[in-house]
Each structure stands twice: as structure tokens, then as C-alpha cells.
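So the structure is just underneath, and the comments pick up after that.
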Amino acid sequence: MSSRRSRSRQTSSSRNITDDQINDLVSKLQQLLPEIRDRRSDKVSASKVLQDTCNYIRSLHREVDDLSERLSELLATTDTAQAAIIRNLLRQ
């Protein structure tokens, strides 16, 4: 039994992420987020970066949904040939 536990600990410890790796990932996220990237202050907490990341992803989802709806409306109002061309372009 103890060998199983030690293997389990070794496996889980090999999956652990270091503080430096977390800081690096948070820094990369910070560079991707327009709201944080454009700020003058370099010091932003990791929790704020994660919170802003979630909010940004939600806003991107809303934007995709809105654009999809607008595209559907556009395709419904165009003639069949034009709609087919647009659909083919979107599939590429």
C-alpha cells in the first residue's frame, strides 16, 4: 500500500505547477488582455488578471453570438446565390 501512495504522490507532485510558472502564465494573460495591457501600472494582482480574463472571454462570447445572429439575419435577407457564396466563404 505504501508504494502505491508514494507513486501517487510522485505523480501528483510532477503535475504541480511552480509559482514561477503561474507568474509567467499570469503575465502572458496580462499581455493578451486589452484592458490590462493598456494600463500604465505594471502591478496587477493575479486574481484581477484572472477575473478580467473571464470577463473578456464572456464579452468575446457575447460578441460572437451577436455577430452570428447578425449574419443569420443577413443571410435570410439575401438571395440564394449570394447566401451560398457567403456560406462557402465562411467554410474556408
Side-chain angles (χ1 to χ4, degrees):
M1 276 277 237
S2 65
S3 66
R4 229 186 262 168
R5 286 184 189 158
S6 65
R7 266 188 259 141
S8 169
R9 285 187 195 134
Q10 288 172 351
T11 303
S12 66
S13 67
S14 67
R15 288 188 226 153
N16 286 347
I17 189 166
T18 66
D19 286 346
D20 288 338
Q21 290 170 319
I22 291 172
N23 290 335
D24 184 49
L25 292 170
V26 168
S27 177
K28 287 177 182 178
L29 275 176
Q30 189 173 356
Q31 293 169 9
L32 292 172
L33 297 172
E35 186 176 312
I36 294 177
R37 184 184 59 223
D38 297 339
R39 288 185 192 156
R40 297 288 178 210
S41 172
D42 292 333
K43 192 79 168 167
V44 179
S45 70
S47 64
K48 178 68 174 154
V49 171
L50 293 174
Q51 196 172 38
D52 285 355
T53 300
C54 290
N55 291 337
Y56 185 59
I57 291 170
R58 281 188 200 103
S59 74
L60 290 174
H61 278 286
R62 283 191 300 271
E63 189 173 344
V64 166
D65 290 344
D66 180 52
L67 290 171
S68 295
E69 186 177 320
R70 290 171 54 192
L71 180 60
S72 294
E73 291 170 2
L74 176 66
L75 290 174
T77 61
T78 60
D79 70 34
T80 308
Q82 287 177 333
I85 292 169
I86 293 171
R87 283 189 188 95
N88 285 332
L89 290 171
L90 291 172
R91 289 184 187 135
Q92 293 179 359

Exercise for review: Walk me through it: do Glu63 and Leu60 pass the test side-chain contact (heavy atoms from CB on, under 4.5 Å)?
Suggested key: CA-CA 5 Å; Glu63 189 173 344; Leu60 290 174; 4.3 Å; yes
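Of the inter-residue distances, the one linking Arg58 atom CZ with Thr53 atom OG1 reads 10.5 Å to the nearest 0.5 angstrom. Rounded to the nearest 0.5 angstrom, Leu33 CG and Asp52 CG are separated by 6.5 Å. From Ile85, atom CD1 reaches atom OG1 of Thr80 across 11.0 Å, with rounding to the nearest 0.5 Å. How far NZ of Lys43 is from CD of Gln30: 10.0 Å, rounded to the nearest 0.5 Å.
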Review item, side-chain donor-acceptor pairs of residues 66-75, under 3.5 Å, at least two apart:
| residue | atom | partner | partner atom | Å |
| --- | --- | --- | --- | --- |
| Ser68 | OG | Val64 | O | 2.9 |
| Ser72 | OG | Ser68 | O | 3.0 |

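A continuous path of hydrophobic side-chain contacts links Leu29 to Leu25 [ILVMFWY only; heavy atoms under 4.5 Å]. Note on Val26: it does not cluster hydrophobically with Leu32, by side-chain heavy-atom contacts below 4.5 Å among ILVMFWY residues. Note on Val44: it does not cluster hydrophobically with Ile57, by side-chain heavy-atom contacts below 4.5 Å among ILVMFWY residues.
For Asn88 (side chain) and Ala84 (main-chain N/O), a donor-acceptor pair under 3.5 Å exists by modelled atom type.
Thr18 and Gln21 get closest at one heavy-atom pair: N-OE1, 2.8 Å.
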